[in-house]
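The block underneath contains the structure these notes are about, expressed in structure tokens.
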Amino acid sequence: MQLTSRQLSHIYFLFALVLLAFATCINMRLQEELEVGAVIGRYITPLAFAVWGASALRLLIFSDYKAYKPSLPIAAYAIFFVWAIISTMLNGSYPSTVYLLLDIIFVALPLVLLIVSYDSMRNYGPSRWDVLAFCLMMLMMLVQYALIFREQNIFLAHSHLLVSYYMLYILPLVFLSKSKTVRIVFTLLATLAVVSSVKRAGLLALVLALLTYIFCWMYVSKRLKVTTVVFGLIGLVAFGFVVYLAGSSDENNNVFERFENLGDDNGSNRVLVWQTTAAMIEKASIDGYITGHGFNTVQSDSPIGLSAHNDFLEVTYDYGLIGIVLYVFAIIATLSYLLKLLWAKSEYAPPLAMLMVLYLSLSMMSHVIIYFFANIVMLTIGYIAGNHERELCSEPTESY
């Protein structure tokens, strides 16, 4: 039986998703500075970039494949990432061309994921295997997280693991599942990961994201009633109580104790980090202030040797005034797009709302855009936008 272009496109998309999952797992290890995976990590991200980038060949191979005019959020983020690449090429200081190319690929990969996922869905729509692939991706990340957790707790004694955030960013894609059981099970798994990682910001972002998803889902499905809201809040409080009991089992190192110490540690000394980064921006040259200094240069230039721990400060220093204007515009464009989805009562509104709450809340306290997290975020935005706009065109969908 000869496969259609739509079937071939779906197969290739699923293959690219699996490769992205492997690349994410390797980068999780690199993010926690574990030596195992460092060699593979040097090749897996360029490989993922090549595989996803090769999707552009479908324009030449498939006669029914089109390059659609992108919606505003897609175009806005694409322009931002293009500028980030330009800024890195103009301002980055590298010991060799190889290191420059690796950073350019790292910055460009979210751009490719955004465009390919949008264009794939816009042309052929989702396959019935997509949600299963998203669940598999999250399970792979959970297994990798468990391995890292075991290693870090053996050798570093209760590290606070930032890589637990991967489970948060993939969750909106898993929530595209029609199964309530799947959504509940993966929510519990994500919660377990965040609580065990002792990340305050992650737990708070998860709670806010779940609340946002629930209210948006009730609005879209026209079930927003007082009784439903009350029972939903009671259920969420009960869920929070169970999480609290589970998370406070270790009196010496639990996330809730860290909430209690928030005033004493100034958010893990983030105030000092923010002040230092702000001072670096103020002291920058005119060229540096306007065009930036290149990808992830706050950490290398900072007197305290730390990144900005805030995406807005990081983007301002790394990519300059031009970069932060483009970045803020892209966020505003996406929020405006979300409001349109809510107004249209689209099924894609709740997952996108959930993603934006996670994205924005964690951007204020940590990083998204300069970490591998950005790939999952851009994949989700492109996937949702492409599917929504295909539905608006009311194009028929094949089944197989």
Side-chain angles (χ1 to χ4, degrees), residues 24 26-35 37-38 41-42 45 80-81 83-110 148 152 156 159-166 169 197 199-202 265-285 287-324 326-327 359 362-375 377:
T24 302
I26 296 299
N27 276 275
M28 287 171 69
R29 302 191 67 81
L30 295 177
Q31 207 163 318
E32 294 297 335
E33 300 180 351
L34 295 172
E35 291 184 6
R42 187 166 183 170
T45 301
F80 164 73
F81 281 112
W83 171 252
I85 294 170
I86 293 172
S87 177
T88 300
M89 293 175 65
L90 291 175
N91 303 297
S93 177
Y94 294 90
S96 70
T97 307
V98 173
Y99 288 97
L100 172 62
L101 287 174
L102 288 174
D103 268 4
I104 289 174
I105 289 171
F106 195 93
V107 174
L109 183 56
I148 294 172
Q152 294 283 47
L156 299 178
S159 247
H160 301 157
L161 298 179
L162 184 66
V163 292
S164 65
Y165 289 177
Y166 282 101
Y169 294 122
S197 71
K199 300 298 291 185
R200 292 174 295 203
D265 65 5
N266 290 316
S268 300
N269 289 320
R270 277 182 173 80
V271 175
L272 174 61
V273 175
W274 295 336
Q275 289 173 342
T276 302
T277 307
M280 290 167 60
I281 295 170
E282 291 177 2
K283 295 176 181 177
S285 64
D287 290 345
Y289 185 76
I290 295 175
T291 65
H293 301 82
F295 170 70
N296 197 20
T297 46
V298 171
Q299 183 171 358
S300 59
D301 294 350
S302 173
I304 58 176
L306 295 173
S307 64
H309 282 67
N310 177 291
D311 268 343
F312 297 94
L313 287 172
E314 184 78 37
V315 168
T316 303
Y317 187 83
D318 286 359
Y319 306 130
L321 182 62
I322 297 174
I324 190 62
L326 292 174
Y327 185 62
Y359 174 26
L362 293 175
S363 281
M364 299 298 293
M365 302 296 293
S366 182
H367 291 299
V368 177
I369 213 66
I370 65 167
Y371 286 159
F372 211 78
F373 299 141
N375 295 295
V377 173

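For this chain, numbers begin at 1 and follow the sequence in order. Everything numeric in this text was worked out from a predicted model, so none of it was measured.
Remark: L101 CG to I105 CD1 distance equals 6.0 Å, nearest 0.5 Å. Distance check: H309 NE2 to T276 OG1 gives 11.5 Å after rounding to the nearest 0.5 Å. Expressed to the nearest 0.5 Å, how far CE of M280 lies from OG1 of T297 amounts to 7.0 Å. Here the CD-CG distance, from Q31 to L162, works out to 5.0 Å after rounding to the nearest 0.5 Å.
S164 is linked by a side chain to side chain donor-acceptor pair (under 3.5 Å) to S197, counting only residues two or more places apart in sequence or in another chain. With sequence neighbours excluded, the residues that form a ring-ring contact (aromatic ring centres under 6.0 Å, His included) with Y319 are F80. Residues that satisfy the side chain to side chain donor-acceptor pair (under 3.5 Å) test with S363, not counting sequence neighbours, are D311. Take N310 and apply the side chain to side chain donor-acceptor pair (under 3.5 Å) test, not counting sequence neighbours, and it matches no residue. Judged as a side-chain contact (heavy atoms from CB on, under 4.5 Å), and not counting sequence neighbours, the contacts of I322 are W83, I290, L326. Looking at residues two or more places apart in sequence or on another chain, you find a ring-ring contact (aromatic ring centres under 6.0 Å, His included) between Y371 and H367, F373. Under the ring-ring contact (aromatic ring centres under 6.0 Å, His included) criterion, Y99 pairs with no residue, sequence neighbours left out. Residues passing the side chain to side chain donor-acceptor pair (under 3.5 Å) test with D301 are Y317, sequence neighbours excluded. Among residues two or more places apart in sequence or in another chain, the side-chain contact (heavy atoms from CB on, under 4.5 Å) test is passed with T277 by V273, I281, V298, A308, L313.
With R270 contributing its side chain and M365 its backbone, the two residues share a donor-acceptor pair below 3.5 Å. Side chain of T291 to backbone of D287: a donor-acceptor contact under 3.5 angstrom is found.
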>> Before you tell me yes or no, could you show the steps for F295 and I104 under side chain to side chain contact (heavy atoms under 4.5 Å, CB included), namely the whole-Å CA-CA distance, both residues' side-chain angles and the distance that decides it to 0.1 Å?
In response: CA-CA 8 Å; F295 170 70; I104 289 174; over 6 Å; no

>> As a quick check of understanding, evaluate side chain to side chain contact (heavy atoms under 4.5 Å, CB included) for Y359 and I369, giving each step before the final call.
In response: CA-CA 9 Å; Y359 174 26; I369 213 66; 4.1 Å; yes

>> What verdict does the side chain to side chain contact (heavy atoms under 4.5 Å, CB included) test give for V368 and Y165, after you've listed the backbone C-alpha separation in whole Å, the side-chain angles of each residue and the deciding distance to 0.1 Å?
In response: CA-CA 10 Å; V368 177; Y165 289 177; over 6 Å; no

> Would N375 and T24 satisfy side chain to side chain contact (heavy atoms under 4.5 Å, CB included), going step by step from the backbone distance to the final call?
Replying inline: CA-CA 9 Å; N375 295 295; T24 302; 6.0 Å; no

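A donor atom on one side chain and an acceptor atom on the other are found under 3.5 Å apart for T45 and N27. With no hydrogens or angles considered, no side-chain donor-acceptor pair links D103 and T88 at under 3.5 Å.
For OH of Y289, the number of neighbouring non-hydrogen atoms (other residues, nucleotides, ligands) closer than 6.0 Å is 12 at most.
Two residues are said to be in side-chain contact when any heavy atoms from C-beta on lie closer than 4.5 Å; Q299 and L306 fail this criterion. Contact of the F372 side chain with the M28 side chain is not registered, since no non-hydrogen atoms from C-beta on lie closer than 4.5 Å.
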